[in-house]
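Order of the sequence lines fixes the chain letters, A, B, ..., with proteins taken first and strands second; residue numbering starts at 1 for each chain. All of these numbers come straight from a predicted model, not from anything done at the bench.
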Amino acid sequence: MVAFFLIILPLLTGLIAFFLKEEKVVKSFAFLSSLATLAVSILGLTLMKAEENLQFTAQWMQPIGSSFSLRLDGMGQLLCLLTAISYPLVFLGSWNASYKRPNNFFALMLLAQAGLMGVFLATDALVFYFFWELALIPMYFLSSQWGGERRIPVTFKFFIYTFVGSVLMLIGILYIQSKTVSHSFSLNAFYVVELSSKAQSWLFWLFFLAFAIKMPVFPFHTWQPDTYEQSPTPTTMILSGVMVKMGLLGLLRWLLPVFPIASYVWGDVVMSLAVAGIVYASLIAIRQDDIKRLVAYSSIAHIGLMCAAIFAENKSGMQGVMLQMFNHGINIIGLWIIVEIIERRFGTRKMSELGGLAQKAPVMAIFFVIIALANIALPLTNAFAGEFLMFNGLMNAKSNYYLWFTVLAGLGIILAAVYTLNMIRRIFYGEVNELTAVATDLKLNEKLALGIIVGLIFWMGVYPQVLLDVTDNFSQELVNKIDISHLFRKQ
Amino acid sequence: MNITQILFWFLSVVAIFSALMVITSKNPVYSVLWLIVTFFSISGHYILLNAQFLAIVNIIVYAGAIMVLFLFVIMLMNLNNETEPQKHRWLKMAGAVAGGCLLLVMVAALKDTDIKNQQAMVNEGNIGLIKNLGKELFTTYVVPFEISSILFLSAMVGAVVIGKKE
Amino acid sequence: MPINYYIFLSIALFSIGIVGVLTRRNAIIIFMCVELMLNAVNLMLVAFSKMHYKAALLAGDVNGTAGTDGQLFVFFIMVVAAAEVTVGLAIIVMMYRNIHSVDVNFLNRLKH
Amino acid sequence: MNALIISAILGVVMMFSGILLKQKTAVRNVAIGGIIILLLVNILEMGGTVFFKIDTRGMIAFDQFALLFNTIVFVSTLLYLLLSAKEIEKVGVNYADYFALIFFILCGITLVSSFKSLLILFLGIEIISIPLYILTGSDKRNLKSNEASLKYFLLGVFSTGLMLMGIALVYGARGTFLTVPDPLVTVVPNALLITGMSLLLFSMAFKVSAAPFHFWTPDVYDGAPTVFTSFMATIVKAAVFIAFIRLFDDAFEGLQPQWRLWIAVITAITLFVGNITAVFQQSVKRMLAYSSIAQAGFMLLSLYAMNTEAKEGLLIYAAAYCLATIGIFAVLAKMNDYTFDGFNGLAKREPLIAATLTILLLSLAGIPLTAGFLAKFYMLKATIATPNSLWLVIFAVLMAAVSVYYYFRVIQAMYFKEGNDATSTGFSLFFKGTMVLMASLVILLGLFPDLLLNWLYF
Amino acid sequence: MQNALQIVYLIPLLPLIGFLVNGLGRKHLSKSLISVIGSGVVLASFAMSIWVFMQVKGMTTPYVAHYFDFIKVGDLKIPFAFQVDQLSSLFLLIITGVGFLIHVYSTSYMHKEKQEHFGRYFSYLNLFVFSMLLLVMGANYVIMFIGWEGVGLCSYLLIGYWFKNTEYNKAANKAFIMNRIGDLAFLIAIFWIISRVGNVNFNDVFAVARGEVDLRKFTGTDITAITLLLFIGATGKSAQIPLYTWLPDAMAGPTPVSALIHAATMVTAGIYMIARSNVLYSMSSVTMDIVAYVGLATALLAATIALKQNDIKKVLAYSTVSQLGFMFLALGTGAYVAAVFHVMTHAFFKALLFLGSGSVIHAMSGEQDIRNMGGLSTKMKITFVTFLIGCIAIAGIPPFSGFFSKDAILLSAFEKSPVLYGIALFTALLTAFYMFRLLFLTFSGQFRGTAEQKHHLHESPVAITIPLIVLAVLSIIGGFVGIPEVFMNGGDRIGAFLAPVIKPQGGHTVSHSTEYILMGLSTTLVIVMIIAAWFKFRNFQRTEEKGLGKVLENKWYVDELYDKVIVQSMHQFGGFLKSVIEKSVIDGLVNGVGKAVNYGGRQLRLLQSGQVGSYILLMVLSIVIIFALQFFLRK
């Protein structure tokens with residue numbers, strides 16, 4: 001039941017929100033709804049842990065072998081929690097921003113949340129695909145209606161790009177379904193389907209393309225900086241904080257377990273792409289002047305690391321990815337909140353036009369520094385444990401080039417320090433200029449949102465075990481599923 | 001080489017020649033006339049195949065009604081040879097070549113079918129007589145017959161809609 | 001008479017009709033060429049009907065009605081042709097009323 | 001059978017209603033009433049109550065498939081009339097006759113959806129085509145309309161010639177016009193049969209505007225009055241498709257190796273031409289013409305696959321495509337400016353219309369939760385089940401992605417661009433209601449296709 | 001009584017609390033209260049450390065306090081645990097002791113700061129002490145790494161403490177990033193260890209290394225790789241070649257910070273780490289050599305640079321680098337104890353020197369260029385005397401502390417090879433020379449500053465002088481914990497104390513006579529150097545440096561080299577990627593598809609010519625083609 005409510009709650013409230021014209025009303029309505037969702041997801045983690053609560057199945061499209069089935073496994077728990085947490089934060093953080101036609105804005109936001117939840121919960125390929133698109137459409141409308149100057153072409157490119165990926169994935173889904181014994185779309189049927197290694201190979205790429213574009217992995221990332229730059233910041237928060245996790249979840253739930261052989265065969269290629277992406281994105285980030293673009297590229301680098309760790313195919317890597325999926329979301333949302341504040345206050349995102357904010361807005365500066373340092377995985381902040389485990393996973397990967405991957409990915413750490421510290425320096429330190437001289441410090445709601453985020457940062461940083469326990473079983477099962485050593489033993 | 005064959009060849013030559021004249025003659029009126037000749041020769045073939053009913057209908061309906069209609073229209077617009085400008089030469093050539101190719105491929109396709117040594121029964125076999133056809137038409141084919149009336153109806157309505165002055 | 005002769009004859013007429021359609025610009029002539037095509041088809045149908053009749057006879061059913069349907073089809077073709085002619089000529093006349101020409105090359109307001 | 005006869009009668013009734021009734025609204029209501037009656041009797045026939053028991057000597061067979069399709073057609077026609085009957089009256093003086101012609105066309109559609117004999121197919125196609133020539137040219141003062149009508153006519157009769165040649169050859173090979181010849185007549189795939197089959201294939205391809213026989217489509221759809229474009233682009237096209245699939249399923253199933261490849265090629269070309277050409281159009285009407293070619297390409301997949309899923313899929317596709325396109329055309333007909341810019345800022349002035357239009361466009365683009373997605377889904381599913389046809393599927397979905405491009409141009413214009421208020425006449429409340437109904441139908445069908453398909457199996 | 005060890009967690013916890021209190025309350029607490037809290041917590045943990053020290057003395061096995069599992073994945077367990085043994089307790093004393101003095105010093109030195117910044121400063125200092133304690137108390141490499149990065153962060157924050165000054169912030173970034181380079185190596189070493197051992201607890205790792213656990217084993221390459229990587233980490237933190245250039249720039253921070261972080265404690269973390277993993281290092285001679293050579297090279301290079309620096313703090317900074325080099329030399333030659341010993345003494349006298357320089361700068365109202373000083377000895381007696389003591393100590397004149405530790409190092413160098421010894425000695429002489437150059441330029445001769453600087457000159461207040469005095473005393477007597485065997489049997493108490501952690505290698509191979517000769521030699525030469533310096537700089541007039549002098553003044557142009565070769569090229573490359581690869585190649589491809597589709601549409605459109613004739617022609621042609629293919633290709 002929990003699983004069902006996680007979807008239906010935002011869906012219904014989203015539909016209702018269309019009809020609440022008054023800005024204050026719809027704003028608070030959306031906020032309350034997101035809080036309710038959060039409560040539900042926390043329930044799912046604590047009181048209603050029982051399996052029957054976490055599963056939901058309904059008859060649907062029986063003839064073509066599909067059924068509306070959801071399940072809240074470890075990863076699902078984690079990502080739903082992330083989604084549920086980020087929404088209140090986003091609303092709270094951007095409370096002072098005002099939009100024309102607010103009812104549409106918040107309604108679409110909530111619909112997107114429903115879509116995301118669905119993607120994270122679906123255990124039926126068709127349902128998964130449905131929600132995959134359902135999450136995309138509202139995002140597209142949000143970005144190109146409330147976005148920046150070049151929003152229309154940019155977000156449209158984003159849409160087409162991801163759409164191409166997803167339809168290719170649809171072909172893959174259909175093919176596998178036709179190969180399953182029961183001609184069903186259910187996840188378990190997919191796990192046991194017998195595929196020739198040749199078929200696995202091209203199916204692997206069909207699926208991977210969709211996920212790679214979504215994450216995004218180098219070189220399929222070019223839509224991302226533009227979109228992040230052009231979208232309204234709340235949308236960007238969801239896009240970068242939660243939506244990219246769709247791709248990772250796809251890899252973990254729909255790619256590796258279904259095509260273990262292909263994943264093993266192509267693992268090196270994917271890892272090289274991912275690692276190349278880390279260095280590439282970091283180097284570009286160093287040269288950015290626009291804060292949004294900088295954060296966007298840094299996000300590409302982080303995602304690259306996660307992707308690489310996934311294909312390390314060992315438990316340490318997996319757990320690291322789980323942890324990082326959550327923490328990356330929290331951190332980047334924190335960053336966006338401050339970026340949004342800065343943009344709203346000073347009307348610019350150019351670091352060259354800012355500076356000296358630390359004198360005028362010390363609280364903001366402190367929050368930003370903490371979040372930024374968390375973003376570069378300083379120990380005792382949340383990202384450290386995750387990255388530690390991921391690197392450890394890379395180091396113990398089956399690939400022959402594991403050392404290279406680790407070292408190159410490690411360059412990312414250094415470069416991350418470079419651009420992050422420069423960003424801090426150029427925005428907050430130095431003398432004030434006429435633009436920032438009039439700066440004011442954070443408002444209460446912003447303090448609240450950022451305070452929560454910082455709290456999470458330290459909690460997860462000092463005691464990451466909380467999350468690791470949630471996903472422990474899942475990762476273990478996953479690793480067992482994708483373990484193909486028995487194949488080698490045969491020969 | 002009996003009389004039937006002679007007739008067959010004669011009619012075929014006439015049909016093809018007149019058909020060629022239809023598409024080559026500049027003046028539309030001539031084309032119409034040549035087309036009528038073609039129809040007559042085809043009717044001859046029908047008679048040869050002992051399909052008298054069709055032969056007659058062909059002459060009455062086609063050569064009679066339809067072609068006269070054409071003739072009227074042409075006269076009404078008094079189109080004569082100078083009123084029809086020529087197509088570009090290469091387009092003409094292309095058209096002719098395309099048609100020729102079509103003829104070639106179809107002949108080549110059909111030249112050795114497994115029915116090539118079958119015969120079409122000429123000047124005997126009475127299925128073509130009005131009696132038989134009528135019986136069939138009003139028993140087996142009555143539904144299509146009625147349907148064709150709907151067709152006529154719609155054509156009539158259409159003609160009215162288009163033709164009526166506003 | 002061997003059926004091939006009839007097949008080739010009607011195909012020839014048919015192709016001539018097509019050539020006409022391709023080479024002429026006068027809408028009426030084009031239409032006439034189409035009529036020529038239809039007649040070619042008719043001829044072929046009749047020939048086939050007699051062929052099937054003969055085949056049936058050889059197969060041994062005397063006073064069978066095999067092949068009648070072919071000739072009846074020809075009849076229906078004529079019906080349809082007549083209907084088409086009425087409509088077609090009406091359209092051509094309407095066109096002529098408006099642009100005082102029946103040259104299909106002038107039909108180029110709609111393109112791309 | 002009910003539908004066939006009733007529709008013919010209704011055609012006559014409409015003819016006279018023009019003379020007897022003076023108000024346009026009365027005529028319109030008669031027409032709408034007539035279509036409702038038609039729908040009811042057809043549903044009754046599905047239930048098993050046949051008013052007219054006529055022995056057609058196996059030339060016509062009203063099976064569940066045909067009847068279900070007829071239902072779809074009548075429902076769409078009903079919605080079509082509800083939305084754009086007013087527009088029909090605007091076209092010309094003899095509006096009653098237009099309704100009459102529409103009913104005759106419906107009669108022809110019932111024929112082609114249920115024929116078992118080439119003769120019936122031929123007659124049905126003609127009964128559909130001849131009124132269409134007229135309707136295309138019905139806006140007599142408009143040169144474009146005339147031109148479209150003449151083009152349509154010339155090309156149409158040409159393709160009829162091809163079709164007849166094909167029929168003649170098939171007859172020569174088989175000695176019968178029935179599409180399901182009795183097993184005694186042994187059919188070896190000889191040259192005669194294959195040639196005839198190919199010619200039929202071409203002429204049908206022409207009727208469904210499949211490349212490279214599609215050339216008439218853009219011009220005719222563009223030139224014809226928008227209301228009638230809407231009708232012929234949706235309902236008629238779907239009907240011909242049903243005829244197409246029936247023909248090749250019944251008559252030429254044994255010859256699949258001979259035609260499957262060509263269908264595949266034609267499908268690919270159609271998808272390519274339709275989608276790519278639509279990208280660059282400036283007028284929404286013309287874009288929709290090309291998009292109808294593109295959609296035809298997708299429907300052709302069902303012919304290619306030719307299995308149960310394909311047939312079910314074709315029904316869903318027909319429904320989805322008709323609903324969506326009719327709705328879009330209905331709105332387009334109310335626009336003063338047919339270019340994309342004509343839609344600028346529609347969302348601000350008419351949020352409801354814009355929303356419904358968006359849903360319909362999404363359906364055409366094949367976005368999930370809409371019937372359009374499910375239709376495409378069925379097609380792909382059917383195709384992927386057939387051996388080594390992956391290239392076609394991938395090509396198809398890539399083209400679908402291209403189609404998103406031009407459908408979304410409209411959405412962008414409506415929502416993200418500022419426009420002046422004078423671009424559209426007002427929308428009546430009734431119109432809005434119908435649009436909402438259509439949109440909800442699209443969504444409903446997209447979520448529960450069984451609602452439709454269960455009719456096939458009871 | 002074990003209970004001291006049971007509450008050992010208090011030692012890092014107290015500074016953390018101090019950090020939180022000062023950090024959050026910096027706006028509301030009064031300066032005096034902040035100072036009390038800030039220094040008080042450190043004093044408390046100093047007391048704790050002494051207590052712990054007392055207890056540790058007798059222990060043979062380290063005490064490990066396990067609190068909770070920091071990370072637990074599968075069979076990889078990383079506990080959050082503290083380990084207390086002789087080595088760490090010694091460092092605890094140094095950190096908290098010196099730390100406390102510097103806190104006290106700061107209370108007066110930073111008094112001019114605005115209140116909230118004052119609070120910020122002390123919270124940073126406390127945070128630093130906390131991280132440093134974490135570093136030395138961690139029971140496994142990960143906890144050590146946490147402290148390791150923590151101190152890096154604090155140094156970053158404190159270098160950029162005056163954040164309005166862009167140059168300072170750049171210096172801070174430089175410090176952090178260069179440390180990160182080392183940290184990466186450290187991390188990889190940790191992963192390597194995990195992949196071999198399965199966890200990172202010191203005891204388990206060393207047990208495996210010693211081969212006490214049979215199932216898992218290190219190969220030779222493993223050891224070498226791990227030790228080398230750890231060493232690279234150390235070069236980052238302890239400012240060795242090639243990662244030393246951040247330390248001089250780090251002098252941008254307040255002087256007490258330089259004293260605490262960049263002289264006494266943080267920079268010695270590298271030495272601690274290597275001493276901690278001496279088991280591993282002893283197993284890889286390759287690494288040992290590398291460590292020794294790198295250390296020596298750094299010592300020499302830094303010493304040469306220090307000769308020509310004019311900023312009082314820069315001189316001290318380079319001398320720090322040089323001294324650190326000495327320590328690494330010691331480590332490389334296997335004299336871990338000597339290294340640790342030198343860490344201790346160095347902590348005393350270098351802190352003293354820095355604080356002294358701070359007092360001078362304070363008196364000179366911010367002036368740092370020694371060419372503008374001179375003759376201060378009369379004005380500020382205490383500072384002068386303590387500074388002098390510091391100089392003697394660092395120059396290594398018996399019986400001052402520096403002598404003993406440096407002598408131990410030189411001796412072990414000699415044991416390894418006379419060449420090493422020669423260079424090391426030469427460096428030591430340079431040290432004496434530049435330190436006394438500094439001393440004379442600052443305190444002797446005429447005053448060369450501006451008039452009102454002269455007017456302001458005064459002895460610093462008590463809060464500054466007391467730490468100076470204490471440290472001076474320590475610098476004098478600090479050496480007696482490690483008196484060489486030759487003088488006094490069992491004099492090497494520190495070695496005995498550390499024995500459980502660092503296995504003493506057997507007695508010295510050199511005979512006592514040689515040892516005496518070496519000591520005499522070094523001492524005499526040092527005195528000669530000092531005299532030379534006296535004659536050269538007694539009365540100084542500034543001259544334009546040229547030739548080698550200019551190169552030295554510009555630090556061998558190493559910074560410029562790094563900037564050109566690494567920073568600039570990286571920027572170039574990044575720009576290239578941003579503007580060419582990203583825009584044109586990758587995105588170009590993506591957009592190219594769209595453009596191609598558009599173009600195709602434009603061209604394909606033209607097929608729709610509007611001519612019925614051409615339509616039919618195209619249809620017929622395609623029919624012909626299909627027929628042709630069907631019938632002639634099929635056959």
Can you tell me if CZ on B:F152 sees more than 12 non-hydrogen neighbours from other groups inside 6.0 Å?
yes
Checking heavy-atom separations under 4.5 Å from chain C, one finds in residues 36-44 of chain B B:T38, B:F39, B:I42
Over all heavy atoms of both residues, which pair between C:A47 and B:A120 is shortest? Give the atoms and the distance, please.
O-CB, 3.9 Å
Less than 4.5 Å to any heavy atom of chain B: does that hold for the side chain of C:Y5, its backbone, both, or neither?
both
Can you see which heavy atom on C:N4 is nearest to which on B:K111, and at what distance?
ND2-O, 3.3 Å
Distance (rounded to the nearest 0.5 Å) between C:K54 NZ and B:I127 CD1:
12.5 Å
Of B:T140, B:L69, B:N132, the largest count of non-hydrogen pairs under 4.5 angstrom with chain C goes to B:L69
Quick check on C:V87 against chain B: is it the side chain, the backbone, both or neither that has a heavy atom closer than 4.5 Å?
side chain
Chain C contact via B:F72 - side chain, backbone, both or neither, heavy atoms under 4.5 Å:
neither
Smallest heavy-atom separation, B:I23 atom then C:R24 atom, equals O-NH1, 3.0 Å
Side chain, backbone, both or neither: which part of B:V32 has a heavy atom under 4.5 Å from chain C?
both
Answer yes or no: are there more than 12 heavy-atom neighbours, outside B:I130 itself, under 6.0 Å from its atom CD1?
no
Tell me, out of B:G128, B:A159, B:A98, B:S154, who's got the most heavy-atom pairs with chain C below 4.5 Å.
B:G128
B:G99 and C:S15: which non-hydrogen atoms are nearest, and at how many Å?
O-CB, 4.2 Å
Side chain, backbone, both or neither: which part of B:L35 has a heavy atom under 4.5 Å from chain C?
side chain
Work out which heavy atom in C:L43 is nearest to a heavy atom in B:H45; give both atom names and the distance.
CD1-CB, 3.7 Å
Can you tell me how far the CG atom of C:N26 sits from the NZ atom of B:K26, to the nearest 0.5 Å?
12.5 Å
Heavy atoms only, distances under 4.5 angstrom: which of C:N39, C:T86, C:L13, C:I28 has the most pairs with chain B? Name it, please.
C:N39
Heavy-atom distance under 4.5 Å to chain B: side chain of C:V102, backbone, both or neither?
side chain
Answer whether the closest heavy-atom distance between the side chains of B:Y62 and C:L38 falls below 4.5 Å.
yes
Determine the option with the most heavy-atom pairs under 4.5 angstrom with chain C, choosing from B:A94, B:G158, B:S12.
B:S12
For C:F76, is it the side chain, the backbone, both or neither that has a heavy atom under 4.5 Å from a heavy atom of chain B?
side chain
At what distance, to the nearest 0.5 angstrom, does CG of B:L133 lie from CZ of C:F75?
9.5 Å
As an exercise: rank C:L58, C:V74, C:I91 by heavy-atom pairs under 4.5 Å with chain B and give me the winner.
C:V74
Chain C contact via B:M67 - side chain, backbone, both or neither, heavy atoms under 4.5 Å:
side chain
Does some side-chain heavy atom of B:I16 sit less than 4.5 Å from a side-chain heavy atom of C:L9?
yes
B:Y46 versus C:Q71, side-chain donor and acceptor atoms under 3.5 Å
no
Residue selection (most heavy-atom pairs with chain C, distance under 4.5 Å) from B:V61, B:N126, B:L102, B:L137
B:L137
C:K50 side chain vs B:E124 backbone, donor-acceptor pair below 3.5 Å:
yes
Chain C interface, residue from B:L48, B:V22, B:N58 that has the most non-hydrogen pairs under 4.5 Å
B:N58
Please look at B:K135 and chain C and tell me whether the side chain, the backbone, both or neither of the residue comes under 4.5 angstrom of a heavy atom of that chain.
neither
First locate atom CD1 of C:I77, then atom CG of B:L54, and finally report the distance between them rounded to the nearest 0.5 Å.
10.0 Å
So which atom in C:V19 and which in B:G100 form the shortest heavy-atom distance, rounded to 0.1 Å?
CG2-N, 4.4 Å
How long is the straight-line distance from CG of C:L72 back to CZ of B:F145, given to the nearest 0.5 Å?
10.5 Å
Could you tell me if the side chain of B:N50 sits less than 4.5 Å from the side chain of C:Y53, heavy atoms only?
no
Could you tell me which portion of B:W9 (side chain, backbone, both or neither) has an atom closer than 4.5 angstrom to a non-hydrogen atom of chain C?
side chain
At a heavy-atom separation under 4.5 Å, does B:T24 approach chain C through its side chain, its backbone, both, or neither?
backbone
Scored by heavy-atom pairs under 4.5 Å with chain B, the best of C:L36, C:I18, C:V79 is C:V79
Where on C:I7 is there a heavy atom nearer than 4.5 Å to chain B: the side chain, the backbone, both, or neither?
side chain
To the nearest 0.5 angstrom, please state how far the OH atom of C:Y96 sits from the CG atom of B:L76.
7.5 Å
Interface moiety of C:M94 toward chain B, non-hydrogen atoms closer than 4.5 Å
side chain
Structural part of C:I92 lying under 4.5 Å from a heavy atom of chain B:
both
Between B:F8 and chain C, with a heavy-atom cut-off of 4.5 Å, which part of the residue counts as in contact: side chain, backbone, both or neither?
side chain
Applying a strict 4.5 Å limit to non-hydrogen atoms, the region of C:A66 in contact with chain B is backbone
In terms of heavy-atom pairs under 4.5 Å with chain C, the winner among B:I162, B:L49, B:V122, B:T4 is B:L49
